[in-house]
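Next up is a structure, given as C-alpha cells.
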2 protein chains.
Amino acid sequence: MNGKRVRPSIRDSLLKSAVTLFAQNGYNAVSLRDIAKAAAANVGSITYHFGSKAGLLREIYARHTEPMNARRRELLGEARRISDLDERLMAILRAYVVPAFISSSESDGGGAEFTRLRAIMSAEGNPDARAIIADAFDETSRAFVDAVAECLPGASRESLVWRSQFLLGGLYYTLINPERVTRLSGGKAEGDNREEAIRELVAATFASFRSLSEADAEPAPVVTKQRKRA
Amino acid sequence: MNGKRVRPSIRDSLLKSAVTLFAQNGYNAVSLRDIAKAAAANVGSITYHFGSKAGLLREIYARHTEPMNARRRELLGEARRISDLDERLMAILRAYVVPAFISSSESDGGGAEFTRLRAIMSAEGNPDARAIIADAFDETSRAFVDAVAECLPGASRESLVWRSQFLLGGLYYTLINPERVTRLSGGKAEGDNREEAIRELVAATFASFRSLSEADAEPAPVVTKQRKRA
DNA sequence: GAGCAATTTGTACATTCGTACAAACTAGAG
DNA sequence: CTCTAGTTTGTACGAATGTACAAATTGCTC
C-alpha cells in the first residue's frame with residue numbers, strides 16, 4: 001500500500017535516534033555519524049533511506065506533524081461543543097497544549113520530544129528546517145485562535161494572536177529549559193513534570209486570554225491548585 | 001584603567017559582528033571565518049583577542065550581562081516604591097521586559113539582539129554556552145519573582161515561578177519568531193514592533209499573574225489598547 | 001538452491017571547521 | 001631614526017562533516 005516494503009527496524013531506529021538527538025542538541029550539532037552510532041547502523045544507510053540530512057529531517061516532520069495536528073483537531077472539535085464559554089476556553093487551551101506534551105498513545109504522533117525538536121529548530125533558524133516547517137502548523141494555529149475568539153467576545157484579533165504567541169513561547173521554553181523552574185522554585189515545582197507544566201501553562205494562558213473578554217464582570221474561575229478563598 | 005590600551009576598532013567590530021551573527025544563526029552554525037569576514041578582519045585576530053570561539057562568546061556575555069541586569073535592578077527598585085499593588089506589578093513587569101527589548105541608551109547593555117542571542121543559546125544547549133550562562137540571570141529572576149510575590153498575597157511560589165517561566169518563554173519566542181505574529185494576524189499586528197510586543201507581553205503576563213491573587217474582587221485594570229467599555 | 005532486488009557496509013572524497021603559529025605590519029617611546 | 005611591544009595577516013594542520021558509490025550481504029520468489 002505504501003509502495004515500499006514494510007521492512008522496519010533500521011529505518012525506524014534511525015528516525016527514532018535522530019529525533020532524540022536533534023531534540024537534545026539541535027540540528028547542526030548532531031552529525032549523521034552520531035545518529036548512525038545511536039541507531040547501531042551505518043552512516044551510508046542514512047543516505048540510502050533519506051537521501052540527505054535535510055531529507056531525514058523532512059521525514060521526521062512528515063511522520064509527526066499530521067498525527068499531532070489530527071489529535072489537536074479532534075480535541076478542538078470536542079472542546080467546541082461545550083456551551084459554557086469559560087469551560088470551553090479551558091478545553092480549547094488543553095486541546096492545544098496537551099498533544100504537544102503527551103504523545104497520542106501510538107509511538108508516533110506528537111509528544112514532548114518532537115515539540116522540543118520544533119522549539120530548537122525554530123530557534124536555530126536553520127535554512128533546511130525553514131523550508132520544511134513551512135506553515136505546517138499555521139493552519140492549526142489559525143483554527144485555535146478562531147476557536148478562542150468565539151469564547152471572548154470583543155477581543156481583538158491582534159491581541160489573541162499575541163497571546164497565542166506567548167503560549168507557544170511558554171510551551172517551547174518549558175520543554176527547552178525545565179531545570180530553570182525547578183531551580184528558581186527551590187525544588188517546590190518540577191519543571192519536567194508534564195502534568196504540572198500543562199496545568200500551569202493552561203491556567204496562566206486562560207487568565208491571559210480571559211482578561212481580554214468584554215464580559216469580565218463574572219469572576220474568572222481560578223484553576224490553579226493553590227487557590228484559596230480569602 | 002582597564003589594564004589594556006583603549007585601541008578599539010577591530011576588537012569591537014569583531015564582537016559586534018559576532019553578536020549579530022550568533023543572534024541570527026545560532027552558535028554552531030556560525031564559523032569564525034564568517035565573523036571575521038563580517039568584521040572585515042582576519043580569522044587569526046579572533047584567536048588573538050579571545051583565545052577561542054568559546055572565549056569570544058564569554059566576552060559577549062561579559063559585555064552585556066551586567067549592564068542589562070543593572071538596568072533591570074534600577075527599574076525594579078523604582079517599581080518597588082509604588083504603593084498601589086496593581087500599578088506596582090505592572091511596573092515590575094516592565095522592569096523585567098523592557099531592558100530585554102530595548103538597549104539601555106549606550107551601545108552596550110541589553111537590547112533585543114542580545115536577548116535573541118540568549119534565546120538561541122538556551123535552545124541550542126551548547127556546552128560552551130552552558131558553562132558561560134551559568135546562573136548569570138538567576139539572581140535577577142529571583143529578585144523579580146520576589147518583587148512580584150509582594151504584589152500578590154496568597155500566590156504560591158511555584159505558580160509565580162511557572163508564570164515567570166512562561167513570561168521568559170514568550171519573550172524569547174517573540175524575538176526568535178516575530179513573523180508568526182504578523183502572519184497569523186494577517187498583518188494586523190507587527191511581530192517585530194518592539195513597543196507593541198512589550199505592551200502585549202506585559203498585559204498578558206499581568207493578567208496571568210493577577211489571577212493568582214487572593215484579592216480578585218477588585219477588577220483588574222485592562223491595559224490592552226482594544227479595551228472597550230461594554 | 002539459484003537468482004535477484006533491496007538493503008547494509010565500508011571506504012573515499014572534497015569541504016569546512018577551530019586552532020596554532022610564524023611572518024609582516026604598526027605606532028609610540030627613547 | 002631605532003627599538004619594541006602590540007596587532008594583524010597568511011597559511012597550515014588535524015579533525016570532523018555531508019555525501020557518493022562500489023562491494024558485500026540479506027531475504028524473498030521461483
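Values reported hereafter were calculated over all heavy atoms of this structure, with side chains retained and with hydrogens, waters and symmetry mates removed. A note on names: the letters A, B, ... follow the listed sequences, proteins ahead of strands, and every chain is numbered from 1.
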Run the side-chain hydrogen bond (donor to acceptor under 3.5 Å, both in side chains) test against Glu74(A) and tell me which residues pass, sequence neighbours left out.
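Partners of Glu74(A) under the side-chain hydrogen bond (donor to acceptor under 3.5 Å, both in side chains) test: Arg71(A).
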Does dT7(C) have OP1 or OP2 under 4.0 Å away from a side-chain N or O of Tyr48(A)?
yes
Rounded to whole angstroms, how far apart are CZ on Phe50(A) and P on dT8(C)?
10 Å
Not counting sequence neighbours, which residues clear side chain to side chain contact (heavy atoms under 4.5 Å, CB included) with Ser31(A)? List them please.
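Counting only residues at least two positions away or on another chain, Ser31(A) forms a side chain to side chain contact (heavy atoms under 4.5 Å, CB included) with Arg33(A), Asp34(A).
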With the sugar-phosphate defined as primed atoms, P, OP1 and OP2, and the base as all remaining atoms, what B/S/- string results for nucleotides 11-25 of chain C, 5' to 3', for protein heavy atoms under 4.0 Å?
-B----BBB------
Please step through salt bridge (charged side-chain N to carboxylate O under 4.0 Å, His left out) for the pair Lys16(A) and Glu113(A), ending with a clear verdict.
CA-CA 10 Å; Lys16(A) 185 167 259 186; Glu113(A) 201 171 42; over 6 Å; no
Could you identify which residues of residues 119-129 of chain B place a heavy atom less than 4.0 Å from some atom of DNA chain D, listed by residue number, or say none?
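None - not one residue of the stretch has a heavy atom sitting under 4.0 Å from the strand.
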I'd like to know if Asp146(A) and Arg80(A) make a salt bridge, using a cut-off of under 4.0 Å between side-chain N and carboxylate O.
no
To the nearest Å, give me how far apart CD1 (Ile10(A)) and P (dT25(D)) are.
16 Å
How many whole angstroms separate atom CZ of Arg11(A) from atom P of dT9(C)?
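Taking CZ of Arg11(A) and P of dT9(C), I get 16 Å after rounding.
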Rounded to the Å, how far apart are Lys37(A) NZ and dG10(C) P?
13 Å
With under 30° as parallel and over 60° as perpendicular, where do the rings of Phe137(B) and Phe114(B) fit, or are they tilted in between?
tilted
Does dT8(C) have OP1 or OP2 sitting under 4.0 Å from an N or O in the side chain of His49(A)?
yes
Once side chain to side chain contact (heavy atoms under 4.5 Å, CB included) is applied, do any residues pair with Ala29(B), and if so which ones, sequence neighbours excluded?
Asn28(A), Asn25(B)
So do Arg180(B) and Ser122(A) actually touch side chain to side chain, heavy atoms under 4.5 Å?
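Contact flag for Ser122(A)/Arg180(B) side chains = no.
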Arg142(A): partners by side-chain hydrogen bond (donor to acceptor under 3.5 Å, both in side chains), with sequence neighbours left out:
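side-chain hydrogen bond (donor to acceptor under 3.5 Å, both in side chains) check on Arg142(A) returns nothing, list empty.
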Take the protein atom CZ of Phe22(A) and the nucleotide atom C1' of dG18(D), then report the distance between them rounded to whole Å.
12 Å
